[in-house]
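Hydrogens, waters and symmetry mates play no part in the numbers below; they use all other heavy atoms, side chains included. Chain letters run A, B, ... following the sequence lines, proteins first and then strands; every chain starts at 1.
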Amino acid sequence: MDYFGSEHEIFQNKELLQVSHLPDGDRIIGREDELTNLANAIKPAMRGNTPNNVLVYGKTGTGKSLCSKFITNQAVERAKGNDVSIGVAYVDCLQESTETQAVQSTGHQLNAKPETGISIPHSGLSTAEYYRRLWRIVDARYDVALIILDEVDKIEDDDILMQLSRAVESGKLTESTVGVIGISNKVRYKDSLDERIKSSLCEREYVFSPYDAGQIREILRSRSDAFHEGVLEDSVVPRVAALAAREHGDARKAIDILRFAGEIAEENDLDAVTEDCVDQAHEREETSRLAELISKSPSHAKLVLEAMALLTQQEEGDDTPVTTNEVYDLYRRLCDRDRSEHLKLRRVRDILSELEFLSIIDQERKWAGKGKGNYMENRLIDDPEVIIAACNESE
DNA sequence: CCAGATTTCCATAAAAACTAGA
DNA sequence: TCTAGTTTTTATGGAAATCTGG
């Protein structure tokens, strides 16, 4: 018995299919203009001057993060030649969703304790103190700090944008300077900003358009070295590209699908990746983003979601809404089952609105009339079975 | 002491049913 | 009969208080 599976090796270098993988070489497919624009905005940093702050828009999977990381890395390398030191921090505002966490993370990335002697504790400091330490670090180690704020629209507080973009003018930094690159999915994001922030953060704005099918094909081909020679059937890449193009040219999705297709071929012990695998991979991709999101949620959020999914399943119709009270009742029973403490109703309401913010559920407030008050209808956006699976998976 | 999570407390929205006035 | 105003109800969500880990 061969416990280690097949002799049909599918992947040669799976790393290439990680979305976070930065392609080497000095170009990213189909984004020449965008890279040039970004480079221009950053250019002053090469001489140690203040770069332009940039706001980058574009749908998911249009290469915003990739290009920003890429160009800043290039900048660091180039600047070395001029004897200018640039520091880059990349903050995912979906994870670091408060001002404090974002500053803390930035400080952590730019710090080198042996060099500066400054420590950035995981918690316990005031926001102001995190800022103070960050400025000290930047002053000590760099001429320019470039801070990439990915998914800025997900951050709860605008203050950080203010602080970062004004750091130089307000004299917080004496030796150095900073540049901010904000990345947002929402084109309307700028409208929600304070005037003062607008003027300083949005010195340059660039919109990343979706990739077309041809570009996606090219991207996939450039990464097909991830597979062993001849393992990919010819029709696979075009098929994946077609699926992704249908979804507003999301390259991340395309790469994910391709990777899943490979995994499926591997699991089924096939010697090649076929179109069939692609179709299955497409389904798997749809659930994986959700599963990812859910697995990162706190455990009580999962229980609430599970309660919702179970209730939705019981109902006849497909997307029958459930009320908050129904959810809460079942949620409490689930907690009893696990012998854990349940949260109070008020908190569960907040959890539900957080889930709505994450686009996992829909909420609508309804009014029942005299003597009946009002209630909130909660509706799952995705298939309950998928949600239940995702909730149980990450235990 | 600090931020972040959770709880406690409570004013409030909305719309149908009901009432009074025309 | 129609209209304008009042009553009734309950989950909601804002605000403040309290708890927790560091």
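Within 6.0 Å of the CG atom in Asp83(A), the count of heavy atoms belonging to other residues, nucleotides or ligands does not exceed 12.
Counting non-hydrogen atoms under 4.0 angstrom, Gln101(A) reaches the backbone sugars and phosphates but no base. Using a 4.0 Å heavy-atom distance criterion, Asp350(A) is classed as making no nucleic acid contact. Contact annotation for Thr98(A): backbone-only contact, meaning every heavy-atom pair under 4.0 Å involves sugar-phosphate atoms and none involves a base. Thr127(A) comes within 4.0 angstrom of the backbone, heavy atoms only, and of no base.
For Arg132(A) and dC1(B), the CZ to C1' distance is 13 Å, given to the nearest whole Å. When the P atom of dT6(B) is taken as reference, atom NE2 of His300(A) falls 7 Å away, rounded to whole Å. A straight line from CH2 of Trp367(A) to P of dT12(B) spans 13 Å, rounded to a whole angstrom. To the nearest angstrom, P of dA3(B) lies 15 Å from CD1 of Ile120(A). Rounded to whole Å, atom P of dT12(B) lies 13 Å from atom CZ of Arg365(A). dT6(B) atom C1' lies 10 Å from atom CZ of Arg346(A), rounded to whole Å. Spacing between atom CG of Leu343(A) and atom P of dT8(B) amounts to 11 Å, rounded to whole angstrom units. Nucleotide dA11(B) holds its P atom 17 Å from the CG atom of Asn374(A), rounded to whole Å.
For the 3.5 Å distance criterion, the side chains of Thr274(A) and Glu233(A) fail to qualify, holding no donor opposite an acceptor. For the 3.5 Å distance criterion, the side chains of Arg365(A) and Asn374(A) qualify, holding a donor opposite an acceptor. Between the side chains of Thr323(A) and Asn378(A), no donor-acceptor pair of N or O atoms lies under 3.5 Å. If you check the side chains of Ser105(A) and Gln101(A), you find no donor sitting under 3.5 Å from an acceptor.
Using a cutoff of 4.0 Å between basic side-chain nitrogens and carboxylate oxygens, Asp336(A) and Arg333(A) are not scored as salt-bridged. Contact check on Glu306(A) versus Lys302(A) returns no salt bridge, with no Lys/Arg side-chain nitrogen under 4.0 Å from an Asp/Glu carboxylate oxygen.
Contacts between chain A and DNA chain C, taken as any atom within less than 4.0 angstrom of a protein heavy atom, begin and end at dT7(C) to dG22(C).
Which of dA3(B), dT6(B), dT8(B) sits closest to the side chain of Lys344(A) comes down to dT8(B).
Nearer to the 5' terminus of DNA chain C, by closest-nucleotide assignment, is the contact made by Lys370(A) (compared with the other of Lys370(A) and Met376(A)).
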